[in-house]
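As the structure lists them, so they are numbered: ligands from 1, and atoms in each ligand from 1. Any value given below was found using the heavy atoms of this structure, including those in side chains, with hydrogens, waters and symmetry copies removed. Along the sequence shown, residues are numbered consecutively beginning with 1.
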Amino acid sequence: MVLRATIAGCGGYLPERRLSNDELAAQYGIETSDAWIRERTGICFRHIAAPEETASDMGAAAAREALAQAGVDASEVDAILVATSTPDSAFPATAVRIQAKIGATKGFAFDMAAACTGFVYGLGVADSLIRTGQARCVLVIGTEVYSRILDWTDRGTCVLFGDGAGAVLLRAEENGGTTADRGLLSCHLHSDGRFGDILHIEGGAGSTGGPGLLRMAGKEVFRHAVTKLAAVVDEALGANGLTHADIRWLVPHQANARIIDAMGRKLNLPSERVVVTVDKHANTSAASIPLALNEARRDGRIADGDLVVMEAIGGGLTWGAALARF
Ligand code: COA
């Protein structure tokens, strides 16, 4: 018998305000069109946080839902890991703010900065904490308010992102530890700082300057995305002796429909087995995978026993994949 981290509950939160492409263009005076954005990215809508709404507010809402679905009380949570590029403040960590908001008092809480790969990094860290017996009940949360770090005069980036939060509750379970047993099978994390400048935030706490806004060389990011994501998914499958045919669901980071389609083709998966939310949410960075998981779990697509592949790439560059049996 081995200790496995099982996904016991999922949750999500989207701000009330939803903007279509046309509404966004009109509101911010951007020279773009609904047709351009849909064709190049697949995005139709995004949610935008209310002025007073923070990453910890949204993360706490998603966490409460994950706890409720798992039937777990906040008092049982040993660790809270928050992936965010848009924390409430440099410290206290957004994770600690969420700890207070959900009424958890034991254990520890900290933030992780791995941009859009943050949730997969969070799964990797939580998996290690659970396998080594350091925690039995771990919340992994991705929560982002990118609307506050976008340059609303840069049409190459401001149309791509949205706000939101997603969460999973992981619980320790002793089982046979085979690929047929439930839980996280493995997580595979990578970074390469040589590509730090192709997707970064210019400025922020501790920097020597810059307005604190997101900058991106879109074409270069695109080029890295498909090759690195395909490689890391194959690495994850290979580490478990599995093949493309074993995948039931692909839950990819929701950056761009063209990247998602390319991944589906590389993995020989029909589009019905790829969970897509980028059309409705745009790119919510670290929140995108848990939001997509939550949707597909709640509407019954992801069933008990299904093998799910999650993959993401983001600023750093960072990228990674996780395999989970539900
Ligand atoms: N509306 C209309 N035109 C736009 C536009 C917009 N919102 N944004 C850019 N353009 C224009 C450019 O100015 C350019 O015009 P030009 O030819 O007159 O110079 C033209 O469209 C092509 O721009 P380009 O940047 O080459 O487009 P692209 O085909 O590479 O698509 C992205 C741009 C951003 C959609 C694409 O590069 C992409 O998706 N990259 C990956 C981004 C990503 O996923 N990042 C997050 C990873 S976590």
Report task. Please step through salt bridge (charged side-chain N to carboxylate O under 4.0 Å, His left out) for the pair Glu76 and Lys106, ending with a clear verdict. Result -> CA-CA 8 Å; Glu76 296 173 57; Lys106 70 166 176 166; over 6 Å; no

Requested in this report: Verify the distance criterion only: is there a donor paired with an acceptor across the side chains of Ser147 and Asp163 at less than 3.5 Å?
Outcome: yes

Query raised in the report: Counting only heavy atoms on the protein side, is anything nearer than 4.0 Å to atom 3 (N) of ligand 1?
Result: yes

Query raised in the report: With a 4.0 Å heavy-atom cut-off (strictly under), which part of Val221 contacts ligand 1: side chain, backbone, both or neither?
Result: side chain

Requested in this report: Specify the protein heavy atom at minimum distance from atom 24 (P) of ligand 1: its residue, its atom name, and the distance to 0.1 Å.
Outcome: Lys219 NZ, 4.0 Å

**Report entry** Heteroatom proximity flag, Ile37 to ligand 1, N/O under 3.5 Å
**Finding:** no

Requested in this report: Compute whether any side-chain donor of one residue and acceptor of the other, for Thr157 and Asp151, lie under 3.5 angstrom apart.
Outcome: no

Query raised in the report: Looking at atom 36 (C) of ligand 1, what's its closest protein heavy atom, distance included?
Result: Arg258 NH2, 4.0 Å

Query raised in the report: Is there side-chain contact between Val96 and Phe108, with at least one heavy-atom pair below 4.5 Å?
Result: no

Query raised in the report: Leu139 and side chain to side chain contact (heavy atoms under 4.5 Å, CB included): which partner among Ile102, Val168, Asp78, Val72?
Result: Ile102

Requested in this report: Measure the CD1-CD distance between Ile259 and Glu311 for me, rounded to the nearest 0.5 Å.
Outcome: 9.5 Å

Query raised in the report: Counting each atom of ligand 1 from 1 as listed, which ones have a heavy atom of Ile313 under 4.0 Å away?
Result: 48 (S)

Query raised in the report: Who's closest to atom 45 (N) of ligand 1 heavy-atom-wise, of Met216, Arg155, Arg223?
Result: Met216

Report summary line: So OG1 of Thr41 and CG of Asn283: to nearest 0.5 Å the spacing works out to 10.0 Å

**Report entry** Numbering as shown, the atoms of ligand 1 that approach His253 to under 4.0 Å (heavy-atom distance)
**Finding:** 48 (S)

Query raised in the report: Which residue holds the protein heavy atom closest to atom 1 (N) of ligand 1, what is that atom called, and what is the gap in Å?
Result: Thr32 OG1, 2.6 Å

Query raised in the report: What protein heavy atom sits nearest atom 40 (N) of ligand 1, and how far off is it?
Result: Gly218 O, 3.0 Å

Report task. If you have a sec, work out which protein heavy atom is nearest atom 10 (N) of ligand 1 and how many Å separate them, to one decimal? Result -> Trp36 CZ2, 3.4 Å

Query - Minimum-distance protein heavy atom relative to atom 39 (O) of ligand 1 - result: Asn256 ND2, 2.6 Å

Query raised in the report: Looking at ligand 1, does any of its N/O atoms fall within less than 3.5 Å of an N/O of Ser33?
Result: no

Query raised in the report: Does the protein place any heavy atom closer than 4.0 Å to atom 17 (O) of ligand 1?
Result: no

Query raised in the report: Can you check whether Phe45 and His281 have ring centres sitting under 6.0 Å from each other?
Result: no

Report task. Please identify which atoms of ligand 1 are closer than 4.0 Å to at least one heavy atom of Cys116. Result -> 48 (S)

Query - Option among His47, Glu53, Glu65, Arg64 that satisfies the side chain to side chain donor-acceptor pair (under 3.5 Å) test with Tyr13 - result: Glu53

Query raised in the report: Can you tell me if Asn175 uses its side chain to pair, donor with acceptor, with the backbone of Arg182 under 3.5 Å?
Result: yes

Query raised in the report: Can you check whether Ile302 reaches Val308 side chain to side chain, under 4.5 Å on heavy atoms?
Result: yes

Query raised in the report: Would you say ligand 1 has an N or O under 3.5 Å from any N or O of Asn283?
Result: no

Report task. Flag atom 42 (C) of ligand 1 as yes if some protein heavy-atom distance to it falls below 4.0 Å, otherwise no. Result -> yes

Requested in this report: Show which atoms of ligand 1 fall inside a sub-4.0 Å distance from at least one heavy-atom site of Gly156.
Outcome: 8 (N), 34 (C)

Requested in this report: Can you confirm whether something in the protein, heavy atoms only, sits under 4.0 Å from atom 20 (C) of ligand 1?
Outcome: no

Query raised in the report: How far is atom 27 (O) of ligand 1 from its nearest protein heavy atom, and which residue and atom name does that atom have?
Result: Arg40 NH1, 3.3 Å

Report summary line: min-distance protein heavy atom vs atom 44 (O) of ligand 1 -> Ala255 CB, 3.4 Å

Requested in this report: Would you kindly say whether Thr284 and Glu144 are connected by a side-chain donor-acceptor distance under 3.5 Å?
Outcome: no

Query raised in the report: Do you reckon Val145 sits in the same ILVMFWY cluster as Ile201, going by side-chain contacts under 4.5 Å, direct or chained?
Result: no

Query raised in the report: Do Met310 and Leu323 have side-chain heavy atoms sitting under 4.5 Å apart?
Result: no

Query raised in the report: Taking heavy atoms and a distance under 4.0 Å, where does Ile30 meet ligand 1: side chain, backbone, both or neither?
Result: neither

Query raised in the report: At a non-hydrogen distance cut-off of under 4.0 Å, which region of Thr41 contacts ligand 1 (side chain, backbone, both, or neither)?
Result: side chain

